[in-house]
Amino acid sequence: MRWPWIIGALGIAVASPSTPKVAGAKAVSLSLPPTDEEPRAELDPTVLEPVMEEGRKAPALADIDAEVLPNEYTDDPILGRSERVVGEGVKGMIAFTFDDGPVPETTPAVLAALAKYDIPASFFVVTRHFRHPKQHYRERARELFAAEIAQGHLVGSHGMMHERLLTATKTKLDREISGSVKELATYANQPIGMFRPPFGKINYMGRRLLKSLGLTEVFWSIDPRDWEATPGDEDYMRQEIMFAIRNAGGGVIVLHDSKPVTAAIIAGVFDDLEAWNCKRLAKQQEPIYPVSLHYFLRDDVDKPRPIPPAVEQRTAAYKRALPARCAGRRPRK
C-alpha cells in the first residue's frame with residue numbers, strides 16, 4: 001500500500017542548549033539564529049533555482065563557484081570534500097544509511113541489529129533531538145549518538161530542524177547546514193564531513209555552502225519508502241527492502257531509524273540479506289556485501305576515493321567470517 005509523500009516535522013520543540021552533555025563530549029554553546037526569514041525579494045532568484053528538477057542533472061560540485069575552505073567543524077579529509085554520493089555504479093556492495101534520528105524509542109533496535117550482524121552503517125542526524133524539551137529524551141539522544149560513533153558507524157548531518165532546502169533562504173541554510181554541523185562536530189569531538197539534505201533536495205545556494213565548507217553531499221540509489229510505512233506494514237516492508245536490494249544488485253539504501261516499523265524489522269532484513277548471501281555462496285555466486293559508505297565516495301565525479309585500511313580490514317573480516325556464519329545458520333522452512 002502506498003501513501004502520498006508526507007514527511008512533516010517530527011514534532012520536537014527546541015530547548016535551551018544549556019543541558020547535560022554526553023560523557024567525553026564538549027559542551028555546546030550554539031544558539032539558534034533568528035526565526036525571521038529574509039524577504040524573498042532580496043535574494044537573487046538565480047541562486048535559488050532548483051538543482052534537482054525532474055529531468056535536469058545537477059552540476060558537479062567541481063562546477064560550483066565556491067572556494068573550498070573547511071573550518072574546524074567540517075575539516076574531514078576522509079569523508080568530506082567528495083563529489084555527490086548517490087550509490088549507482090557500484091555492484092555487489094550495499095551501504096545502509098539511516099536518517100532522522102537518534103530517537104530513544106527506535107534507534108536502539110537499529111544499533112543492536114547492526115551489532116548482531118556486524119554491519120557498518122551511516123547515520124544522518126537531525127540535531128534538534130539534542131534540544132528536546134524533555135531532559136531524559138535529549139540526554140538519551142546524545143548517548144545514542146555517542147554509541148553510533150563508538151560502534152564504528154559514520155555520522156553526518158541531516159539538518160537541525162529537518163527543513164526543506166530547495167527554496168531555503170541564506171538564514172535557513174546557515175542554520176540547517178552550518179549550525180547543525182557545528183553542533184554535531186562538538187558532540188562527536190571530531191569534524192563532520194557529510195550532509196544529507198532533507199527530502200533529498202537542496203538549492204544552488206545550499207550546494208555552494210556545502211562546497212565552501214568541504215561537506216560531501218550524500219544521497220541514495222535505493223529508497224524502499226519506509227518513511228510512509230505504518231504499523232501493520234512490517235511483513236510487506238521487510239520484503240520490499242530485500243527485493244529492492246536484490247533488484248539493484250548493490251548501492252546506497254536510505255532507511256529511517258526514527259520509524260517504528262523500520263526498528264521492528266531491521267534485524268529481520270539483515271537476516272534475510274545474510275540468508276540470501278549464503279545461498280549465493282553455496283552456488284558459488286557473488287554475494288551483496290554490506291559495507292561502509294567509504295566505498296561510494298568519489299573524487300572528480302567518477303574517481304573512487306582510496307579506502308582507509310581499517311575499513312578494508314573490516315570488510316575483509318566480514319567476508320572471511322560469512323561462510324562460518326552460513327554454516328551456523330538454521331535452515332529456513
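Every heavy atom of this structure was used, including side-chain atoms; hydrogens, water molecules and symmetry mates were not. Because the structure is predicted, anything quoted here is derived from the model rather than measured.
- The six-membered or imidazole ring of Y137 lies near that of H132, with a centre-to-centre distance under 6.0 Å.
- Between the CD atom in E163 and the CG atom in L173 there is a gap of 10.5 Å [rounded to 0.5 Å].
- Nearest heavy atoms, L111 versus A147: CD1-CB, 4.1 Å.
- Shortest non-hydrogen contact noted between T107 and G101 is OG1-CA, 4.4 Å.
- Nearest heavy atom pair, residue P287 against residue L322, reads CG-CD2, 4.4 Å.
- By the 4.5 Å heavy-atom criterion applied to side chains, Y204 and I64 are counted as neighbours.
- Proximity of I192 to V155: side-chain heavy atoms (C-beta onward) are separated by under 4.5 Å at one or more points.
- Aromatic ring pairs are classed by plane angle as parallel below 30°, tilted from 30° to 60° and perpendicular above 60°; the pair F98 and F96 is parallel.
- Using a distance-only test at 3.5 Å, with no hydrogens or angles considered, a donor-acceptor pair links the side chain of R305 to the main chain of I78.
- Looking at R196 and S122, their side chains never bring a donor and an acceptor atom within 3.5 Å of each other.
- Put simply, the side chain of M194 does not reach to within 4.5 Å of the side chain of D76, judged on heavy atoms.
- Contact check for F130 versus P102: side-chain heavy atoms found under the 4.5 Å cut-off.
- Heavy atoms from other residues, nucleotides or ligands lying under 6.0 Å from CG of D65 number 12 at most.
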Test side-chain contact (heavy atoms from CB on, under 4.5 Å) applied to L255 and T97, step by step: CA-CA 6 Å; L255 297 168; T97 68; over 6 Å; no
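- For S157 against G159, the heavy-atom pair with the smallest separation is OG-N, 3.0 Å.
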Steps toward side-chain contact (heavy atoms from CB on, under 4.5 Å) verdict (L114, F270): CA-CA 8 Å; L114 289 166; F270 294 157; 3.5 Å; yes
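- In this structure, R314 pairs ionically with D118, as a charged nitrogen and a carboxylate oxygen lie closer than 4.0 Å.
- With 3.5 Å as the limit, one finds a donor-acceptor pair spanning the side chains of D226 and T262.
- With salt bridges taken as basic N to acidic carboxylate O contacts below 4.0 Å, none links R298 and E83.
- Defined by atom type and a distance below 3.5 Å, a donor-acceptor pair is missing between the side-chain atoms of S258 and T106.
- At a threshold of 4.5 Å between non-hydrogen side-chain atoms, the residues V90 and V252 do not count as touching.
- In this structure, K319 satisfies the cation-pi test against Y289, with its NZ or CZ atom closer than 6.0 Å to the six-membered ring centre and inside 45 degrees of the ring normal.
- H158 has its ring centre no less than 6.0 Å from the ring centre of F123.
- The CZ atom of R238 lies 11.0 Å from the CD atom of E234; values are rounded to the nearest 0.5 Å.
- Between the side chain of T74 and the backbone N or O of P70, no donor-acceptor pair lies under 3.5 Å.
- Between F296 and M93, some side-chain heavy-atom pair lies under the 4.5 Å cut-off.
- When only modelled atom types and interatomic distance are considered, D233 and T230 share a side-chain donor-acceptor pair under 3.5 Å.
- Side chains of D272 and Q239 form no contact here, defined as non-hydrogen atoms less than 4.5 Å apart.
- Interatomic distance, CG of D99 versus CH2 of W220, reported as 6.5 Å (0.5 Å rounding).
- The two residues E176 and M160 come nearest to each other via the heavy atoms OE1-N, 2.9 Å.
- The distance from atom OG of S292 to atom CG of L297, rounded to the nearest 0.5 Å, is 8.0 Å.
- Rounded to the nearest 0.5 angstrom, K172 NZ and N203 CG are separated by 10.5 Å.
- The side-chain heavy atoms of D100 and V125, taken from C-beta on, include no pair separated by under 4.5 Å.
- The pair E286-K91 does not meet the salt-bridge criterion, since no charged nitrogen lies less than 4.0 angstrom from a carboxylate oxygen.
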R84/R207 under side-chain contact (heavy atoms from CB on, under 4.5 Å): CA gap, chis, key distance, verdict: CA-CA 10 Å; R84 168 179 299 195; R207 297 193 74 218; 3.2 Å; yes
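- Clustering ILVMFWY residues whenever any of their side-chain heavy atoms sit less than 4.5 angstrom apart, transitively, puts V86 in a cluster other than the one holding L79.
- Hydrophobic clustering places V181 together with I149 (ILVMFWY residues linked when any side-chain heavy atoms are closer than 4.5 Å, directly or through intermediates).
- A distance of 9.5 Å separates CD of E217 from CZ of F195, quoted to the nearest 0.5 Å.
- Here the closest heavy-atom approach between residue P290 and residue P120 is recorded as O-CD, 4.0 Å.
- Within the 3.5 Å criterion, the main-chain N or O of R175 finds no donor-acceptor partner in the side chain of S178.
- Judged by distance alone, the side chain of E88 and the main-chain N or O of G251 form no donor-acceptor pair under 3.5 Å.
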Chi angles and distances behind the side-chain contact (heavy atoms from CB on, under 4.5 Å) call for I94, L273: CA-CA 10 Å; I94 181 72; L273 177 61; 4.2 Å; yes
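- Side-chain atoms of K259 come within 3.5 Å of backbone atoms of A229 as a donor-acceptor pair (strictly under, hydrogens ignored).
- Between E139 and R142, no side-chain nitrogen of the basic residue sits less than 4.0 Å from a carboxylate oxygen of the acidic one, so the salt-bridge criterion is not met.
- By the 4.0 Å N-to-carboxylate-O rule, R131 lies close enough to E183 to be salt-bridged with it.
- Under the 4.0 Å criterion applied to side-chain N and carboxylate O atoms, D271 and R329 are assigned as salt-bridge partners.
- For Y187 and F145, the gap between ring centers reaches or exceeds 6.0 Å.
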